[in-house]
Structures are given as C-alpha cells and as structure tokens.
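Quick note: numbers below take in every heavy atom, side chains included, and nothing from hydrogens, waters or symmetry partners.
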Amino acid sequence: MEIDISIVIPTCDREKRFKDCLSSLFNQNYPKEKLELIVVDDRANDKVVRMLDDLKEQRSRIKYLVQYRRGPAAARNLGVFHASADIVAFTDDDCTVDKRWVELIVETHYKNPEVKTGRGSIIGKRQ
C-alpha cells in the first residue's frame with residue numbers, strides 16, 4: 001500500500017516525552033499502513049533504539065536515522081531526504097498531536113494542492 005504521509009521527528013535524549021509523542025502518533029484516526037514515521041536521533045541513544053525496536057511490532061513503518069549533534073534543523077532535512085511520501089509533516093519529540101492531526105493534514109493537502117507549506121497551532125507549555 002502506498003504511503004500518504006511521512007512524519008519526521010527529531011529527537012535528542014527526551015525519552016519520556018518522546019514516548020508520549022509516539023503514542024499520540026500511533027493513535028491517529030488514519031490508516032496506520034498509509035503513514036511512516038522517520039525518527040532522527042541527534043545523539044544515537046540506545047534507549048531510543050530499544051524503544052523503537054519494541055514498537056516495530058505495532059508499527060512496521062518506522063525509519064530510524066542517526067546524526068551526531070547537528071541539531072533539529074539538520075535532523076528535519078535528513079528526514080525529508082529519506083521520506084517516502086509526497087506529504088511530509090514535522091513534530092518535535094516533546095509534542096503530542098491530536099488524534100486527527102494526520103487526517104487533517106492529508107485532507108487539507110488534497111483540497112489545496114497548490115499550497116506547499118502549512119503550520120498548526122501549539123497549545124500548552126513546554127516543560
């Protein structure tokens with residue numbers, strides 16, 4: 001089945017918040033087989049590798065990439081380079097997304113194909 005959307009998540013040693021982020025992405029109202037997650041680890045953290053290995057049973061479309069202390073912008077660029085879908089979305093490892101987040105991104109893209117970028121609201125405080 002074709003992938004509709006690639007979601008790039010830079011991460012850097014925030015295990016607890018990252019688990020919450022992944023949980024929110026796994027609970028989307030969107031067919032799981034039509035999206036891929038691209039995790040770009042900025043520190044090559046063994047905890048992240050183990051967590052993703054455990055999750056691969058739930059979700060097979062997870063790509064794990066490593067860079068070494070290059071920052072989130074470089075991580076996003078690396079993720080885009082490895083994305084399989086035409087639509088690429090970004091979230092951070094300390095964010096959780098609404099269960100309709102992916103659905104609304106894809107729907108908005110197909111209704112407005114001339115629009116090349118977009119952004120959403122950030123609600124709440126970073127901790």
Output all residues satisfying side chain to side chain contact (heavy atoms under 4.5 Å, CB included) with Tyr68, sequence neighbours left out; order by chain, then residue number.
Ala44, Val66

[X] side chain vs [Y] backbone, donor-acceptor pair below 3.5 Å:
| X | Y | value |
| --- | --- | --- |
| Asp93 | Phe18 | no |
| Lys63 | Leu37 | no |
| Thr108 | Ile105 | no |

Cluster overlap Ile3 with Ile87, hydrophobic side-chain contacts below 4.5 Å:
no

If you group Ile, Leu, Val, Met, Phe, Trp and Tyr by side-chain heavy-atom gaps below 4.5 Å, do Tyr110 and Tyr30 land in one group?
yes

Output the distance between atom NE2 (His82) and atom CG (Asn77), rounded to the nearest 0.5 Å.
11.5 Å

Linking directly or through intermediates, with side-chain heavy atoms under 4.5 Å: list the remaining ILVMFWY members grouped with Val80, chain and number order.
Val8, Ile38, Val40, Leu65, Leu78, Val88, Phe90

Under the salt bridge (Lys or Arg N to Asp or Glu O under 4.0 Å) rule, collect the residues that match up with Asp4, sequence neighbours excluded.
Lys34

What heavy-atom pair brings Arg17 and Asp94 nearest, and what distance separates the two atoms?
NH2-O, 2.5 Å

What residue pairs, at least two apart or across chains, pass salt bridge (charged side-chain N to carboxylate O under 4.0 Å, His left out) with a residue in residues 67-88?
Arg76-Asp92

Can you check whether Leu35 reaches Ile7 side chain to side chain, under 4.5 Å on heavy atoms?
yes

With a 4.5 Å heavy-atom cut-off, do Leu25 and Ile9 have their side chains touching?
yes

Exercise answer: donor-acceptor pairs, residues 95-104 side-chain atoms, under 3.5 Å, sequence neighbours excluded:
unit_1 : atom_1 : unit_2 : atom_2 : d
Asp98  : OD2    : Arg100 : N      : 2.8
Arg100 : NE     : Glu103 : OE1    : 3.4

How would you list, by chain and number, every residue that makes a side-chain hydrogen bond (donor to acceptor under 3.5 Å, both in side chains) with Ser6, sequence neighbours excluded?
Glu36

